[in-house]
Each structure stands twice: as structure tokens, then as C-alpha cells.
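Written out below as C-alpha cells is the structure these notes cover.
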Amino acid sequence: MINSTQKWWGLTAVAILCFASSAFANSGTLTMTSAGSNVLHGVYVGPYYATVNGVANTPVICDDFADDSVVGHTWNFNSNSFSTLGSALWGSQTSNYEAAAWLTLQMLSLNSNPNNATQVAYLSFAIWSLFDKNALNSLTSTQLAAVNSWLSQVPSNLTPSQFSNFVLLTPQGCTNGPGSCPGQEFFLVTPEGGSAMLYLLLAGLACLGGLLFRRRGQTPAVGSRMA
């Protein structure tokens, strides 16, 4: 018979394996759960919400206008930091990714206030335009000017080290590059002062929670479509 101490040691050992596998993993699974409620020109601008490696209600920021995401759909991703952008959707476009990350921080800062919804939308379009100018085709001249105003504020001296708390979730299966992916590429931002590896540790916490409480994941919503 296994006593309670042995059981806890067993759980601890498996938990350590969970943390280890999360800490060194470079891939995972993402399920879209919400498109949010901010819409401009029929496009949900985010932040969106997803279950990422078992971590529910994770806010994610889209940098990928060329592909679509559908609430309820699941796909596999490769995780990238600013030191591994060569395997991201747009390869080694480091300056564009840095600009997108800076704009993402402005978006998250403004998003807490509903009165900032329009500026958050402009920031989304600014991020998309860095990689796909077609994102701007539907905008009015006033809206385009607002987007360009945000782009003009991006500092010229950004460095990858400033974004060590960013994880880039790049979909697997993009056989023909942007526009052929099963979902969109997203930024995930860990708490200030953290690192990209913290995201993977969060997945380990979800693994530990599953071991201790045997909780099953919720069934995701279905039907909403995002740009």
C-alpha cells in the first residue's frame, strides 16, 4: 500500500516533469475562446482570448492580417522569442516585430479603459500594417491618419532585449507562408519583468492543476470570426 507521503512525492515528481516539459518546450496547442467585443470595419481587433497549453483566458494580440482565426478552433503552434524570430511567420523581420511589440504594449495599456476602444482598434491596424499593407485598404483617410500617427511614434532605438517578456505563437502548417495558416500568429505578453519562459511555466502550472484536481477543459465557444 502506498501511504499519503508517497502519493505526494509521486505527484511532486510528475509535477516536476510537467514544469520541465513546459520550460523546454518550443511548441504547443492554442484554442481560440473569444474575439472580444471591439470591432472596426467588421474586423475584431482584439485583444483576443485563448486557451494556450491549458492556460485558459489568456489574452493574445494578433500581428497577422493575412490569416483568419475562428472561435472554437484549435491548432498547434511553435513558440518564438525575440532571439528565435527566424522561425516566426515573417522570418527575421526583427525591426517590424519590435515595432509590433511596442505597439502591443500601448494597446494593452489603453485596453483597460473602454473609452480607448477606438485607439486600441487603430493600434491593431498599425500592427497588421507592419507586415501586410492590405490591412489598411478599408480605412477612411481620417482612420488612416490615426494609424500612421501611432506608427510614427514607434521609437527608432528599440532592441530585442526590451521584449524578453514576449512570446510569439506561430501556427504550424503554414505551407505557403502567411495566408495559408490554420490560425493567426499572436503575441503573448507575460507580466512585466518576466521572460518568455514564464509563459511556458504557466503551462506547467496548468499541468500541475490538472494532476491535483483532475479538472477537464471547458468546451470553447463556436462561430465568431476574426481578421
Side-chain angles (χ1 to χ4, degrees), residues 35-49 59-69 80-171 174 177-179 181 183-196 199 226-227:
S37 59
N38 196 359
V39 180
L40 181 65
H41 286 293
V43 178
Y44 286 91
V45 297
Y48 307 149
Y49 293 87
V60 290
I61 306 296
C62 178
D63 69 354
D64 177 9
F65 192 80
D67 293 289
D68 292 321
S69 295
N80 295 281
S81 68
F82 272 79
S83 63
T84 60
L85 287 179
S87 58
L89 191 57
W90 282 277
S92 56
Q93 292 188 30
T94 304
S95 60
N96 281 340
Y97 276 115
E98 289 171 351
W102 185 87
L103 292 166
T104 291
L105 292 176
Q106 314 318 304
M107 180 193 295
L108 293 174
S109 175
L110 293 174
N111 189 62
S112 59
N113 187 339
N115 294 329
N116 294 327
T118 301
Q119 292 302 319
V120 169
Y122 292 155
L123 282 159
S124 276
F125 277 86
I127 292 169
W128 290 329
S129 71
L130 291 167
F131 304 100
D132 187 351
K133 297 300 182 185
N134 291 326
L136 304 179
N137 290 345
S138 65
L139 300 186
T140 66
S141 58
T142 300
Q143 292 167 339
L144 183 60
V147 169
N148 285 330
S149 176
W150 277 113
L151 289 170
S152 69
Q153 296 178 52
V154 176
S156 59
N157 59 345
L158 297 175
T159 63
S161 62
Q162 293 176 251
F163 307 109
S164 61
N165 60 325
F166 275 68
V167 179
L168 193 61
L169 310 179
T170 305
C174 303
C181 301
Q184 292 166 307
E185 183 175 76
F186 295 118
F187 280 124
L188 185 156
V189 185
T190 68
E192 188 67 29
S195 68
Y199 154 71
M226 294 158 277

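Residues: numbered from 1 along the sequence shown. The shown structure was predicted, so the numbers you read here are calculated from the model rather than taken from an experiment.
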Shortest non-hydrogen contact from A88 toward L168:
CB-CD2, 3.5 Å
Does L130 reach the side chain of Q93, with side-chain heavy atoms less than 4.5 Å apart?
no
Would you call S69 and F186 a side-chain contact if the rule is heavy atoms closer than 4.5 Å?
yes
Do E185 and D67 touch side chain to side chain, with heavy atoms closer than 4.5 Å?
no
Hey, what do you get for OH (Y97) to CZ (F163), rounding to the nearest 0.5 Å?
14.0 Å
Just so I know, are the side chains of F82 and Q162 near enough to count as touching, which here means a heavy-atom distance under 4.5 Å?
no
Mind listing the closest non-hydrogen atom pair of L158 and E98 along with its distance?
O-OE1, 3.4 Å
pair S129-L151: side-chain heavy atoms closer than 4.5 Å
yes
Are any of the side-chain heavy atoms of L110 and Y122 separated by less than 4.5 Å?
no
Which one of T104, I127, N96 satisfies the side chain to side chain contact (heavy atoms under 4.5 Å, CB included) criterion with D63?
I127
Nearest 0.5 Å, what's the CG-SG distance between L89 and C181?
4.5 Å
Within the 3.5 Å criterion, strictly below it, is a donor on S81 or S83 matched to an acceptor on the partner's side chain?
yes
Short side-chain to backbone donor-acceptor contact, T190 and N165, under 3.5 Å
yes
Applying ring-ring contact (aromatic ring centres under 6.0 Å, His included), name anything that partners W90, two or more places apart in sequence or on another chain.
F131
Quick one: does any side-chain atom of N38 pair with a main-chain N or O of A117 as donor and acceptor, under 3.5 Å?
yes
Hey, does the side chain of Q143 reach the backbone of T140 with a donor-acceptor pair shorter than 3.5 angstrom?
yes
Counting C-beta onward and ignoring hydrogens, is there a side-chain heavy-atom pair between D132 and P178 closer than 4.5 Å?
no
Nearest 0.5 Å please: distance from the CG atom of L103 over to the CZ atom of F187.
9.5 Å
With a 4.5 Å heavy-atom cut-off, do W102 and Q153 have their side chains touching?
yes
Dump the intermediate steps for side chain to side chain contact (heavy atoms under 4.5 Å, CB included) on I61 and L108, then the final yes or no.
CA-CA 9 Å; I61 306 296; L108 293 174; 3.9 Å; yes
Closest non-hydrogen contact found for A121 with V45 is CA-CG2, 3.8 Å
Taking W150 for its side chain and S124 for its backbone only, find out whether a donor-acceptor pair lies under 3.5 Å.
no
Note: A101 and F166 closest approach over all heavy atoms is O-CZ, 3.4 Å
Between CG of D68 and SG of C62, what distance do you get to the nearest 0.5 Å?
9.5 Å
